[in-house]
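To start, the structure under review is shown below, and the notes come after it.
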Amino acid sequence: MRGNRGVKDLNIISLEDARRLASKRAFSTLVKPAGAACNLRCKYCYYIDKSSLLGSSSPGRRMELPLLEKYIADYFDSVQSGSVDFCWHGGEPLLLGLDYFRAAVRLQRKLSKGREYTNSLQTNGTLLNAEWCRFFRENGFLVGLSVDGPPDIQDASRVNAAGRGSSDAVRRAASLLRDNKVEFNTLTVLTSSSEARAAEVYEYLTEELGSRYLQFLPAVDFVRGADSSLQAAPWNISARGYGDFMCSVFDLWVKKDVGRVFVQLFDVTLAQTCGLKSTLCTLGETCGDGLCVEHNGNVYTCDHFVDSDHLLGNISGSSLGDLYDSPQRLRFALDKRNLCSPSCLRCEWWHLCHGGCPGHRIEGRNCLCEGLRMFFSHSREAMSKMRLLLLAGRAPAEIMYGA
């Protein structure tokens with residue numbers, strides 16, 4: 001009874017409410033044409049062990065062109081409003097070769113029917129060369145480069161099958177992207193190696209590699225202990241370490257880089273401070289707007305939930321739109337809010353955090369809660385000042401000059 005009373009008091013969203021409030025269908029997909037295949041063996045990788053489930057570890061396993069064409073056509077047909085955004089992911093998508101992506105672009109042009117669309121691609125950078133970069137520039141690809149920081153941090157986790165680090169290769173990749181004028185951002189996984197080194201990591205990314213768009217993704221993985229209980233993986237960044245890291249980066253950014261460097265967490269927090277919806281799924285009130293499409297056509301609710309419980313269907317037999325509208329996908333989306341702990345829903349930071357990623361929760365509570373609270377509290381005054389600047393029609397960068 002106590003639990004039921006809490007559900008009523010906290011205004012749980014129902015499937016019927018979600019359908020009634022839904023606007024024209026708009027969603028994104030993360031497509032993995034090479035499945036879990038990758039030439040690196042990152043120590044924290046959550047995806048390489050999906051190979052047995054997906055059958056994608058063997059050479060030659062990929063989304064074949066007829067299925068790729070079906071996916072592209074279906075995606076254009078299923079998204080009813082806005083741009084159609086193709087995000088190519090992996091594993092390592094560049095393992096498929098340049099001709100594969102040339103074919104994909106030709107299919108997009110053939111099937112778009114005048115619709116606006118974009119392409120982004122996430123890569124570890126080790127296979128990049130000038131020819132790839134010319135292709136990306138000529139076709140307007142945004143490239144996400146995975147890099148965890150200076151060489152000792154990068155090489156502690158991001159290694160190849162022989163155990164060799166990838167720092168030299170990723171530095172070359174960043175140089176190639178800059179020299180060829182390819183728009184790119186950096187995706188940095190924060191691990192135990194990152195703790196207390198925020199300034200070094202930030203300066204390396206922005207000054208050494210020339211990144212102007214930064215995403216920081218905290219490593220949150222669970223392993224089975226000797227007693228079979230779930231325990232934090234040894235490479236995880238701690239909640240306090242994550243909070244300290246983001247607060248330290250924020251202090252550097254707000255003093256000298258507002259308007260020059262864009263950090264995803266800061267942009268989203270400022271937007272929500274201004275009353276806008278989060279564009280980052282982990283901080284949104286609901287999730288499930290980014291479907292994961294695997295090389296075999298299987299569609300999952302999220303690429304962090306690629307398992308039999310979250311399989312929505314296959315594009316060979318169902319449209320992406322029908323899978324997105326399915327009760328299973330809707331329940332997954334609404335559970336982000338509905339299964340939060342009551343303390344989360346009543347927290348002063350709920351409007352910014354919304355309980356964080358469901359994959360980071362233990363008994364309904366986000367294991368990064370302490371760090372997120374640290375960051376929101378630490379940045380609140382500056383965020384409020386930048387909000388006032390925006391309301392006055394002025395640039396948030398004026399905060400650097402005592403505005």
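Position 1 is the first residue of the sequence, and the numbers go up from there. Keep in mind that what you see is a predicted model, and the values were worked out from it rather than measured.
Residues Ala104 and Ile72 share a closest heavy-atom pair of O-CD1, 3.8 Å. Minimum heavy-atom separation, Ser316 to Leu67: OG-CD1, 3.7 Å. Residues Leu389 and Ala395 share a closest heavy-atom pair of CD1-O, 3.7 Å. Across Cys357 and Asn366, no two heavy atoms sit closer than the pair N-ND2, 3.5 Å. When all heavy atoms are compared, the tightest approach of Asn314 to Gly297 is ND2-C, 3.1 Å. Nearest heavy-atom pair, Pro234 versus Ser192, reported as atom, atom and distance to 0.1 Å: O-OG, 3.6 Å.
Here CG of Leu323 is found 8.0 Å from CG of Asp74. Values are rounded to the nearest 0.5 Å. A distance of 6.0 Å separates CZ of Arg365 from OG of Ser341, quoted to the nearest 0.5 Å. Separation of atoms SG (Cys353) and CZ (Phe376) is listed at 5.5 Å; rounding is to 0.5 Å. Between Met374 atom CE and Ser379 atom OG the span is 11.5 Å, to the nearest 0.5 Å. Going from atom CD of Gln215 over to atom CG of Leu280 covers 8.0 Å, rounded to the nearest 0.5 Å. Here Met63 contributes atom CE and Leu68 contributes atom CG; the two are 6.5 Å apart, rounded to the nearest 0.5 Å.
Legend: residues meeting side chain to side chain donor-acceptor pair (under 3.5 Å) with Asp257, ordered by chain and number and at least two apart, are Tyr202, Arg260. Take Trp235 and apply the side chain to side chain donor-acceptor pair (under 3.5 Å) test, not counting sequence neighbours, and it matches Asp221. For Ser278, there are no side chain to side chain donor-acceptor pair (under 3.5 Å) partners, not counting sequence neighbours. Residues forming a ring-ring contact (aromatic ring centres under 6.0 Å, His included) with Tyr117 (at least two apart in sequence, or on another chain): Phe76. Considering only residues two or more places apart in sequence or on other chains, Asp152 meets the side chain to side chain donor-acceptor pair (under 3.5 Å) condition with Arg197.
The shortest side-chain heavy-atom distance between His304 and His310 does not fall under the 4.5 Å cut-off. Side-chain contact between Asp322 and Ser319 is present, with at least one heavy-atom pair separated by less than 4.5 Å. Residues Phe305 and Tyr300 fail the side-chain proximity criterion, which asks for heavy atoms closer than 4.5 Å. Within the 4.5 Å cutoff, the side chain of Cys287 has heavy atoms near those of the Pro358 side chain. Taking the side chain as every heavy atom from C-beta outward, Val147 and Leu187 never approach each other to under 4.5 Å. When side chains are defined from C-beta on, Leu30 does not count as touching Val293, because their heavy atoms never get closer than 4.5 Å. Between Asn39 and Asn160 the shortest side-chain heavy-atom distance does not fall below 4.5 Å. With contacts defined as side-chain heavy-atom distances shorter than 4.5 Å, the pair Asp244/Glu195 does not qualify.
No side-chain N or O of Thr186 forms a donor-acceptor pair with one of Thr188 less than 3.5 Å apart. Side-chain atoms of Asp155 and Ser167 form a donor-acceptor pair, as typed in the model, at a separation below 3.5 Å. A side-chain donor-acceptor contact under 3.5 Å links Ser146 and Gln122.
For Asp307 (side chain) and Asp309 (main-chain N/O), a donor-acceptor pair under 3.5 Å exists by modelled atom type. A donor-acceptor pair under 3.5 Å is formed between the side chain of His354 and the backbone N or O of Leu283. Between the Lys336 side chain and the Gly288 main chain, no donor and acceptor come within less than 3.5 Å of each other. The backbone N or O of Leu209 sits less than 3.5 Å from a side-chain atom of Arg178, completing a donor-acceptor pair. Between the side chain of Lys43 and the main chain of Ser157, no donor-acceptor pair closer than 3.5 Å is present. Under a 3.5 Å cut-off, the side chain of Ser193 and the backbone N or O of Ile153 do not form any donor-acceptor pair. Checked by atom type and distance alone, the side chain of Arg394 never pairs as donor or acceptor with a backbone atom of Leu391 at under 3.5 Å. For Arg115 (side chain) and Val79 (main-chain N/O), a donor-acceptor pair under 3.5 Å exists by modelled atom type. The backbone N or O of Thr206 lies less than 3.5 Å from a partner atom in the side chain of Arg212, making a donor-acceptor pair. A donor-acceptor pair under 3.5 Å is formed between the side chain of Gln272 and the backbone N or O of Leu352.
Note on ring orientation: taking the six-membered ring where Trp is involved, the planes of Trp88 and Phe101 are perpendicular (angle over 60°, cut-offs 30° and 60°). In this structure, Phe262 and Tyr213 have parallel ring planes: the angle between them is below the 30° cut-off, well short of the 60° mark. Using a 30° and 60° split on the angle between ring planes, Trp349 and His351 fall in the parallel class, below 30°.
The side chain to side chain donor-acceptor pair (under 3.5 Å) with Tyr44 is formed by just one residue from the set Thr191, Asp148, Asn236; it is Asp148.
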*Walk me through it: do Asp85 and Asn119 pass the test side chain to side chain donor-acceptor pair (under 3.5 Å)?*
CA-CA 6 Å; Asp85 302 321; Asn119 280 295; over 6 Å; no
_From CA spacing to verdict: side chain to side chain donor-acceptor pair (under 3.5 Å), Ser194, Tyr242_ = CA-CA 9 Å; Ser194 314; Tyr242 175 61; over 6 Å; no
*Steps toward side chain to side chain donor-acceptor pair (under 3.5 Å) verdict (Thr123, Glu92)*: CA-CA 6 Å; Thr123 177; Glu92 175 50 52; 2.9 Å; yes
*Start with the C-alpha gap between Cys292 and Thr29, add the side-chain angles, then the distance that decides, and say whether side chain to side chain contact (heavy atoms under 4.5 Å, CB included) holds.*
CA-CA 6 Å; Cys292 176; Thr29 63; over 6 Å; no
*Go through the steps to decide whether Asn185 and Gln264 satisfy the test side chain to side chain donor-acceptor pair (under 3.5 Å), and finish with yes or no.*
CA-CA 10 Å; Asn185 58 35; Gln264 186 182 49; over 6 Å; no
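Look at Asp289 and Arg329 and you find a salt bridge, because one of the NZ, NE, NH1 or NH2 atoms lies within 4.0 Å of a carboxylate O, short of that distance. Using a cut-off of 4.0 Å between Lys/Arg side-chain N and Asp/Glu carboxylate O, Glu208 and Arg171 are scored as salt-bridged. Of the charged side-chain nitrogens involved, at least one lies within less than 4.0 Å of a carboxylate oxygen, so that Lys256 and Glu203 count as a salt-bridged pair. Contact check on Lys110 versus Glu69 returns a salt bridge, with a Lys/Arg side-chain nitrogen under 4.0 Å from an Asp/Glu carboxylate oxygen.
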Side-chain donor-acceptor contacts of residues 127-137 below 3.5 Å, not counting sequence neighbours, with atom names and distances?
{"unit_1": "Asn129", "atom_1": "OD1", "unit_2": "Glu131", "atom_2": "N", "d": "3.1"}
{"unit_1": "Asn129", "atom_1": "OD1", "unit_2": "Trp132", "atom_2": "N", "d": "2.8"}
{"unit_1": "Glu131", "atom_1": "OE2", "unit_2": "Arg102", "atom_2": "NH2", "d": "3.1"}
{"unit_1": "Arg137", "atom_1": "NH1", "unit_2": "Asn180", "atom_2": "O", "d": "3.1"}

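Phe245 and Phe216 have their aromatic ring centers within a separation under 6.0 angstrom.
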